[in-house]
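Working notes, structure below.
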Amino acid sequence: MTGWMRWLVAIICLAGSPAWAQAPQRVVTVNLCLDQIALRLAAPGQLVGLSYLSHDPRLSVLADRARAIAPVRAKVESILELRPDLVILDRDAHANLKRLVRKAGVPILEVPWASSLEDAEGLIARIGAALGREAESRAIIADMQEQRRQLSRPGPPTALAATLQANRGTAGKGSLMDELLHLSGYRNLAAELGIPAYGRLALESVLAGRPDLLVLDGSANANPARATEFVDHNALLALAGSTRLVSIPLKYTVCAGPENIEALKLLRETRR
């Protein structure tokens, strides 16, 4: 084969390479937790759409940055009008949406839900690879691991903590908050009562358990409603003399990721 023929074959092969072999230029995510990771990893201009929840400062730690990017909902029209070359979606949700996006010829990256710090690190690495931002993902993971090492309390958990959320919800065994409590040296009252990752904790159980620490989202009652009025409940306020109260905004624990470090810092302060 002559030199010019080899050159022609090489050009043809390159032209036939799939688009996803290169770093995508127009990426869309429609999940709050994936938004947070993509915002940290993406190159300037690489993200063109994020879930509308990412603009909410009560839920998103990067709301200010997210507002510079178009909000989208989990609808095919909302996504396709942004002309994405990659859509990142939760593996276990939006089956029909995925079918329609694929039918339109747009590549999809499906990723699992992250329910622990280790899961989050794996997710960051995977999304970083998909975006062509491996170095950035390695730096974020290394920082998370170092911060966790510095903030974790050595030895088995000794003190007892309880968490209460809206509608008297709680984080039980196997939840992200359960992991954060253990790293901070706390046993989780909900887990010891057999409550699964997401359940409800009666105020009577909190009072009977006499926890050393009560974890609340103090901002939940900024606009009082029946769902959040427990924050100012007299029975809980009566624990103030023997139980420490700490407010951890929901945005620090709703997703597994670098924002969990802020929750660990707040929990660490309660053990001093």
task: Kindly indicate, with the supporting measurements, whether the criterion side-chain contact (heavy atoms from CB on, under 4.5 Å) is fulfilled by V87 and L89.
output: CA-CA 6 Å; V87 180; L89 291 162; 3.8 Å; yes

field: Check against side-chain contact (heavy atoms from CB on, under 4.5 Å), L180 and L267
entry: CA-CA 8 Å; L180 298 177; L267 288 169; 4.2 Å; yes

message: Between L176 and S115, is the side-chain contact (heavy atoms from CB on, under 4.5 Å) condition met? List the steps.
response: CA-CA 6 Å; L176 175 62; S115 58; 5.8 Å; no

task: List the steps, then state whether side-chain contact (heavy atoms from CB on, under 4.5 Å) holds for Y252 with V61.
output: CA-CA 7 Å; Y252 293 149; V61 295; 3.8 Å; yes

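Side-chain contact between Q36 and S51: absent, with no pair of heavy atoms (C-beta onward) separated by less than 4.5 Å. Counting only heavy atoms from C-beta outward, the side chains of V215 and L213 approach each other to under 4.5 Å. No side-chain heavy atom of R268 sits under 4.5 Å from any side-chain heavy atom of S184. By the 4.5 Å heavy-atom criterion applied to side chains, R58 and L250 are not counted as neighbours. Within the 4.5 Å cutoff, no side-chain heavy atoms of T170 are placed close to those of R200. Contact annotation: the side chain of Q147 approaches that of D143 to within less than 4.5 Å [non-hydrogen atoms, C-beta and beyond]. The closest side-chain heavy-atom distance from D178 to T163 is not below 4.5 Å.
In the hydrophobic clustering of ILVMFWY residues, with side-chain heavy atoms under 4.5 Å counting as a link, L216 and Y198 come out apart. Connection of V48 to V101 is established within a shared hydrophobic cluster, with ILVMFWY side chains joined at heavy-atom distances below 4.5 Å, either directly or through further cluster members. Under the 4.5 Å side-chain heavy-atom criterion for grouping Ile, Leu, Val, Met, Phe, Trp and Tyr, M177 is connected to M144 within one hydrophobic cluster. Follow the hydrophobic side-chain contacts under 4.5 Å out from L59 and you never reach V30; the two are in separate clusters. At a threshold of 4.5 Å between side-chain heavy atoms, the hydrophobic network of Ile, Leu, Val, Met, Phe, Trp and Tyr places V254 and Y52 in one connected group.
The minimum heavy-atom distance between S205 and L193, with the atom names listed, is CB-CD1, 4.0 Å. Shown here for R153 and G185, the closest heavy-atom pair between the two residues is CD-CA, 3.8 Å. What you find for P258 and I124 is that their closest heavy atoms are CD-CD1, 4.2 Å. Nearest heavy atom pair, residue P112 against residue R126, reads CD-NH1, 3.6 Å. Across all non-hydrogen atoms, the minimal contact from I37 to L123 is CD1-CD2, 3.7 Å. Annotation for L109 and L86: closest pair N-CD1, 3.9 Å, computed over non-hydrogen atoms.
Listed for the T29 side chain is no donor-acceptor partner under 3.5 Å among the backbone atoms of I88. The main-chain N or O of L39 is found under 3.5 Å from a side-chain atom of R65 such that the two form a donor-acceptor pair. The backbone N or O of R187 lies less than 3.5 Å from no partner atom in the side chain of H182, so there is not a single donor-acceptor pair. Checking side-chain atoms of D212 against main-chain N and O of A161 turns up no donor-acceptor pair under 3.5 Å. Listed for the K98 side chain is a donor-acceptor partner under 3.5 Å among the backbone atoms of R91. Side-chain atoms of Q165 do not come within 3.5 Å of backbone N or O of D217 as any donor-acceptor pair. Remark: side-chain polar atoms of R168 are not paired, donor with acceptor, to backbone N or O of L201 under 3.5 angstrom.
To the nearest 0.5 Å, atoms CZ (R99) and CG (N96) are separated by 4.5 Å. Atom CZ of R26 sits about 11.5 Å away from atom CD of Q46, to the nearest 0.5 Å. Rounding to the nearest 0.5 Å places CD1 of I195 at 7.0 Å from CG of L189. The CD1 atom of I261 lies 11.5 Å from the CG atom of L266; values are rounded to the nearest 0.5 Å. Between atom CG of residue L53 and atom NZ of residue K251 there is a gap of 14.5 Å, rounded to the nearest 0.5 Å. In this structure, R149 CZ and L183 CG are separated by 13.5 Å, a value rounded to the nearest 0.5 Å.
The residues R148 and E121 are annotated as salt-bridged, a charged nitrogen and a carboxylate oxygen being separated by less than 4.0 angstrom.
For the residue pair Y186/T158, the side-chain donor-acceptor check at 3.5 Å is not satisfied. Using a 3.5 Å distance cut-off with no hydrogens or angles, the side chains of S54 and S60 do not pair a donor with an acceptor.
Of the options R133, Q145, R40, a side-chain contact (heavy atoms from CB on, under 4.5 Å) to I140 is made by R40 and by none of the others. When L47, I69, L50 are each tested for a side-chain contact (heavy atoms from CB on, under 4.5 Å) with D35, only one passes: L50.
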Output a table of donor-acceptor pairs, distance under 3.5 Å, between side-chain atoms of residues 75-84 and any protein atom two or more places apart or on a different chain; print 'none' if there are none.
| from | atom 1 | to | atom 2 | distance (Å) |
| --- | --- | --- | --- | --- |
| S78 | OG | R73 | N | 3.3 |

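E110 CD: more than 12 foreign heavy atoms inside a 6.0 Å radius.
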